[in-house]
Amino acid sequence: MFRKRIPLLLTFIAGMLPILSFLFRGPALRDEDPTGNGILHVSDTFERWMVILAAAALLLGVVNVFQVNLRKISNRAQGWPYALVFLLALTITGFFGLWDAFSRASNTAWYAHAAYNWIVEAGFKPLQATMFSLLAFYVASAAFRAFRVRNVEAAILLAAALLIMLGVNPYVVRALPFLPDLTQWTLNIPNAAAQRGIIIGAALGAASMALRILIGIERSYLGLQKGE
Amino acid sequence: MESYRGSLARPGAALLWLALTAAPAAAQGGSGWGIREENVSALVLFIVFSIVIVVSIRLARMGRPLFVRRIAGLNAVEEAIGRSTELGRKVLYVPGIMSIDEVQTLASLAVLKHVAKHTAEYGTPLDVPNKDPLTFAAARETVKEAYLEAGRPDLFSDDIVHYITYDQFAYTAAVSGIMVREKPAANFLVGSFYAESLLLAEAGQGTGAIQIAGTAEVAQIPFFVVTCDYTLIGEELYAASAYLSREPVMLGSVKGQDFVKLMLLAWIVIGLLIATFFGNLALQGWLQPQ
């Protein structure tokens with residue numbers, strides 16, 4: 001009863017609130033905002049509470065990181081040195097982050113902030129930028145594979161891609177002045193039509209899924225078994 | 001049908017009906033209750049959509065045969081797991097990078113349950129790295145339950161579903177590392193993805209793994225199409241749980257969704273004709289919720 005009914009009821013209430021707040025208005029719940037929508041206020045409060053849940057879950061995540069990686073190191077499992085680097089980075093960054101957070105008012109605040117800042121600026125951000133910049137190479141390799149003309153669909157894909165790429169190239173545009181208009185037409189008409197088709201289908205799919213969750217038909221995310 | 005006896009369909013429908021009828025009535029009483037006039041078109045669509053879906057589910061419950069078109073990506077799920085089993089390598093499942101409040105993540109968890117059930121039955125190793133802590137907690141419960149349902153709770157361990165980090169690119173680096181070092185034979189990238197989609201899919205492609213992706217993020221679909229063997233596009237992702245479970249009640253909701261799509265298509269054509277021949281765009285404002 002409690003394992004099944006309570007989570008489903010909570011899901012229903014939490015799921016209905018944003019819908020009701022979007023469609024209806026209720027009496028204001030706060031004196032400082034007499035014209036406010038009471039339902040929206042409750043819905044927003046629920047949304048803010050999610051931060052508390054996320055913080056608790058994050059703690060669970062950190063514990064799991066230590067458990068899994070310490071086990072990997074002690075078993076000398078495949079890739080254990082990476083697990084060691086991971087744990088060291090987590091511990092050092094966590095230590096300086098907490099020191100920075102808790103020493104704001106003390107005399108050591110400057111050291112803590114400088115150390116944490118250095119880790120973020122000199123270590124974390126360049127690593128992030130490196131990962132993101134890999135996209136340029138991956139786009140090239142994916143395009144190389146996709147543009148091999150093996151069938152009609154691949155030929156159409158290649159033709160469309162060439163049209164778009166050449167249409168924004170200033171040298172080509174100087175030789176073929178009609179190309180930018182053709183490029184824009186391709187983007188605005190066939191491309192937008194296909195995208196809107198996908199968006200409408202996805203929106204209806206999401207709404208259908210949401211309804212299945214609200215009325216309790218879809219429950220696999222709760223870990224409930226069939227028949228429960 | 002038996003399995004959904006405990007659902008909230010009846011109390012849910014009653015509550016929904018109460019909300020829909022009580023609010024306008026209360027509005028006349030001047031107590032601050034009322035319909036938000038700017039979103040009345042959304043309310044109409046919501047009511048129509050809900051009725052069509054509920055009726056479709058009811059028809060499915062009555063045993064009316066339902067046809068749902070073949071979705072290649074979902075048919076390939078077992079093939080991908082079977083390949084991993086034959087090669088003795090793990091299955092990698094990435095449930096997207098968003099939290100549990102994203103519908104795509106919930107759809108992904110439903111697919112994860114199906115995948116986990118099969119890996120449990122075949123005794124194939126499964127790896128589910130997570131970026132969001134709430135998704136991590138839900139994924140762990142889902143996989144644990146799938147192993148229990150498959151009758152192999154002994155195969156479940158905390159290492160299967162594990163947390164990595166909340167940072168998008170650090171997570172991408174870690175998952176790419178798993179793909180390159182541990183060479184899973186099947187990669188599932190199902191859920192909500194952003195800039196990391198191509199980084200993950202291309203890293204997996206480089207290892208020769210069979211890749212099944214699914215997302216409703218329009219900007220990421222082309223990346224998955226060119227780098228993965230199968231891609232669930234938009235609505236296919238949301239239909240996945242119904243398609244895989246083959247439960248008539250779930251399939252009924254998918255049929256209802258198709259019917260609403262048909263109604264919307266007709267609505268678009270009617271609007272197009274009105275705008276073209278009569279130049280009347282008054283409906284446009286009504287259809288635009290604030």
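Lettering follows sequence order; numbering is per chain, from 1.
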Region of A/V139 in contact with chain B, defined by heavy-atom distances below 4.5 Å: both
Toward chain A, the part of B/D101 with a non-hydrogen atom under 4.5 Å: both
Euclidean distance, A/M131 CE relative to B/D167 CG, rounded to 0.5 Å: 10.0 Å
Under 4.5 Å from any heavy atom of chain A - which part of B/L112: neither
A/L59 portion near chain B, given a 4.5 angstrom heavy-atom threshold: neither
Inter-residue atom distance A/K72.NZ - B/D159.CG, 0.5 Å rounding: 8.0 Å
Region of A/F124 that comes under 4.5 Å of a non-hydrogen atom in chain B: side chain
Qualifying residues under side chain to side chain contact (heavy atoms under 4.5 Å, CB included), relative to B/A137, sequence neighbours excluded: A/L60
Over all atoms of both residues, closest heavy-atom pair of B/F136 and A/G61: CE2-CA, 4.0 Å
Side chain / backbone / both / neither for B/I178 at chain A, heavy atoms under 4.5 Å: neither
Portion of B/V161 that has a non-hydrogen atom of chain A nearer than 4.5 angstrom: backbone
Ionic contact status for B/E37 with A/R25, cut-off 4.0 Å: yes
Heavy-atom side-chain contact between A/N37 and B/R36 under 4.5 Å: yes
Exercise: identify the closest heavy-atom pair between B/S253 and A/S208: O-OG, 3.6 Å
pair B/V254-A/R212: side-chain heavy atoms closer than 4.5 Å: yes
Toward chain A, the part of B/E182 with a non-hydrogen atom under 4.5 Å: both
Distance (rounded to the nearest 0.5 Å) between B/L198 CG and A/F137 CZ: 13.0 Å
Contact origin within A/N69 toward chain B - heavy atom pairs under 4.5 Å: neither
Nearest heavy-atom neighbours spanning B/D158 and A/N64: O-ND2, 3.9 Å
B/L264 CG to A/L204 CG distance, which is reported to the nearest 0.5 Å: 5.5 Å
Proximal component of A/I39, with respect to chain B [non-hydrogen, under 4.5 Å]: side chain
Within residues 115-123 of chain A, residues adjacent to chain B where the heavy-atom gap is under 4.5 Å: none
Any residue of residues 235-243 of chain B which, by heavy atoms, sits under 4.5 Å from chain A: B/E235, B/Y238, B/S241
Per-residue contact mode, A/Y82 against chain B (heavy atom under 4.5 angstrom): side chain
Closest contact, heavy atoms only, A/F86 versus B/I164: CZ-O, 3.4 Å
Contact class of A/I200 relative to chain B, heavy atoms under 4.5 angstrom: side chain
Check against salt bridge (charged side-chain N to carboxylate O under 4.0 Å, His left out), A/R145 and B/E202: CA-CA 11 Å; A/R145 205 171 34 254; B/E202 196 59 8; 2.6 Å; yes
Minimum heavy-atom distance A/A202-B/G234, with the two atoms named: CB-CA, 4.0 Å
Sorted by number, residues from residues 47-54 of chain A in contact with chain B (heavy atoms, under 4.5 Å): A/M50, A/L53, A/A54
Closest non-hydrogen atom pair, A/V62 against B/Y163: N-CD2, 4.3 Å
Region of B/I233 that comes under 4.5 Å of a non-hydrogen atom in chain A: side chain
Side chain / backbone / both / neither for B/S99 at chain A, heavy atoms under 4.5 Å: side chain
Which atoms of B/I268 approach chain A - backbone, side chain, both or neither, heavy atom under 4.5 Å: side chain
